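Everything quoted here is computed from the prediction, not taken from an experiment. Start at 1 and go down the list; that is how both ligands and their atoms are numbered.
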Amino acid sequence: MPRGDGRLTHELDPQQPGPQDACGVFGVWAPGEEVAKLTYFGLYALQHRGQEAAGIAVSDGSSVVVYKDLGLVAQVFDESTLASLRGHIAIGHARYSTTGASNWENAQPTLRATTPRGTSGDDGPAATTIALAHNGNLVNTAELARRVAELGVGDATTTSDTALVTALLAARPDLSVEAAALEVLPTLRGAFSFVFMDEDTLYAARDPQGVRPLVLGRLERGWVVASETAALDMVGASVVREIEPGELLAIDEHGLRSSRFAAPEPKGCLFEYVYLARPDSTISGRNIYAGRVAIGRALAREHPVEADLVIPVPESGTPAAIGYAEESGIPYGAGLVKNAYVGRTFIQPSQTIRQLGIRLKLNPLRDNVRGKRIVVVDDSIVRGNTQRAIIRMLREAGAVEVHVRISSPPVKWPCFYGIDFATKAELLANGLDTDGIRRSIGADSLGYVSLPGLIAATEQPKTRLCRACFDGEYPIDLPADNVIGKHVLEGLAKTAANTGGHASKRRGSDSSHAGENSRRTGTGESAGGNERVATSPGGADALLRP
Ligand code: SF4
């Protein structure tokens with residue numbers, strides 16, 4: 001009998017997800033502080049960036065331990081788990097998968113010891129253990145997989161770009177992790193905001209384009225790095241600065257060191273300003289809430305309409321709806337109430353419940369909308385099903401006209417740098433013009449903010465922004481179609497297995513590692529009521545699995 005997964009989601013219609021972010025990362029170096037709890041609260045603030053899995057790694061100076069599982073941060077960790085994660089360095093991750101399947105093995109932080117398996121046993125040199133968390137998506141994953149296979153450091157249990165980077169960092173036991181990072185980071189292509197650690201040091205690195213945000217904060221007795229400034233606020237850290245595109249930071253008992261591994265070519269993600277980042281975060285000096293209000297103002301100037309009430313699609317449409325109302329002079333009010341606590345499959349929905357769809361998440365305020373001409377402001381249209389359902393709901397509640405205003409230009413191109421919109425074929429704006437979309441969703445009128453209007457609202461120069469999902473100009477070169485995409489590594493493995501070629505032999509040798517891992521799983525010892533899974537060759541690390 002099918003069972004619900006018990007997971008909550010912020011999606012209005014879980015069958016039709018909106019843009020999915022590619023993870024939140026957090027790191028802390030703070031002797032004397034409860035670093036696992038700080039990381040928990042940091043991840044809590046970043047939960048909107050990924051809801052599939054969560055994990056925390058800690059080091060007490062002699063060993064690195066990772067605890068991770070599928071689910072929301074509050075579902076993965078409880079008081080006793082956090083209490084068992086002791087140390088002075090921690091990193092954390094909230095995952096949405098953009099490369100690799102959504103499974104436990106691909107949850108992060110990833111963990112690798114520097115001593116390659118099979119070359120050193122208990123008598124060998126002590127290994128350094130690396131834990132790594134990634135926000136973004138690499139585009140030369142296939143090339144990295146080849147390099148990892150050639151070095152013989154692959155791990156067939158994971159199918160993520162992040163695991164490949166961790167393997168490459170761990171493949172240089174002759175170098176410090178910092179030196180290995182300065183060799184590996186310049187070879188990566190795509191979007192990456194990394195936080196990683198070994199027993200003694202916290203690291204943070206950002207791709208040369210700085211596609212995804214990453215900020216540095218200061219605690220009274222330590223340092224914090226996080227995807228967004230709101231996570232620094234949450235743990236009482238002051239914002240120091242953004243980690244620069246192409247910069248590697250190392251933080252340890254000697255203080256903070258900065259190195260450059262590539263020249264900066266800033267191309268920050270424009271969609272962070274529209275939807276992805278929290279409104280109480282700041283990116284490149286621009287407060288996101290103020291930016292969204294400005295987008296709403298631009299929308300009102302570009303697409304005015306006679307109406308009685310401006311309402312947002314809660315909550316992501318709220319600041320833009322406020323801006324639209326301010327600029328147009330049309331009163332702002334609530335027309336839809338969101339029930340934030342309905343689970344995706346908290347109970348396995350029957351067909352009858354499934355048909356309720358969006359009604360499980362949104363309820364119209366009938367008294368507010370009845371007899372009125374409504375402007376409803378939303379952040380984006382991906383497939384159009386959500387907007388179609390909302391418009392129908394508003395009309396059934398008595399709205400006489402429904403005008404839709406969207407605070408981003410039409411999304412016509414897929415993102416390869418860490419946001420999962422939908423396939424190109426699923427994007428409604430890809431096959432229809434604005435009037436076709438209006439008819440498809442059943443609105444009386446439809447207006448998207450223009451790309452120049454959106455860019456102006458961010459207060460960033462156009463040249464410093466990635467706009468590819470709107471205009472198709474990809475700032476980081478993409479490889480051929482067949483070596484890109486969410487399941488690129490699974491695809492390569494399948495091809496190799498089918499052809500019985502060179503790669504399959506390498507994967508064969510990798511799978512012996514997988515076997516080794518699974519045997520370890522079977523002999524795990526108990527740690528705080530959880531199964532302790534793996535001990536590295538250096539005896540330094542452990543993976544805790546619920
Ligand atoms: S393609 Fe769009 S979502 Fe992806 S990084 Fe560029 S602006 Fe952001």
J.: Could you name each residue pair satisfying ring pair (Phe, Tyr, Trp, His ring centres under 6.0 Å) that touches residues 436-473, not counting sequence neighbours?
T.: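 Qualifying pairs: Phe271-Phe470.
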
J.: Would you call Glu272 and Arg278 a salt bridge, using N to O less than 4.0 angstrom?
T.: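 No.
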
J.: Provide the protein N, O or S atoms situated under 2.8 Å from atom 8 (Fe) of ligand 1; waters are not included.
T.: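 Hits for atom 8 (Fe) of ligand 1 below 2.8 Å: Cys269 SG.
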
J.: Can you pull the side chain to side chain donor-acceptor pair (under 3.5 Å) pairs that have at least one residue in residues 179-197, sequence neighbours excluded?
T.: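 Output for this query lists Arg147-Thr187, Arg172-Glu183.
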
J.: Using ring pair (Phe, Tyr, Trp, His ring centres under 6.0 Å), reason through Phe194 and Tyr203 one step at a time and then give a plain yes or no.
T.: CA-CA 8 Å; Phe194 289 136; Tyr203 304 91; over 10 Å; no

J.: Does the residue Arg212 have a heavy-atom contact with ligand 1, meaning some pair of atoms that are separated by less than 4.0 Å?
T.: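 Arg212 counts as a contact of ligand 1 under the 4.0 Å cut-off.
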
J.: So, the side chain of Gln387 versus the backbone of Ser380: is there a donor-acceptor pair under 3.5 Å, distance only?
T.: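 Yes; judged by distance alone, with no hydrogens or angles, the pair exists.
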
J.: Below 3.5 Å, can you tabulate the donor-acceptor pairs from side chains in residues 459-466 to any protein atom, sequence neighbours excluded?
T.:
| residue | atom | partner | partner atom | Å |
| --- | --- | --- | --- | --- |
| Gln460 | NE2 | Ser284 | O | 3.3 |
| Gln460 | NE2 | Thr458 | O | 3.1 |

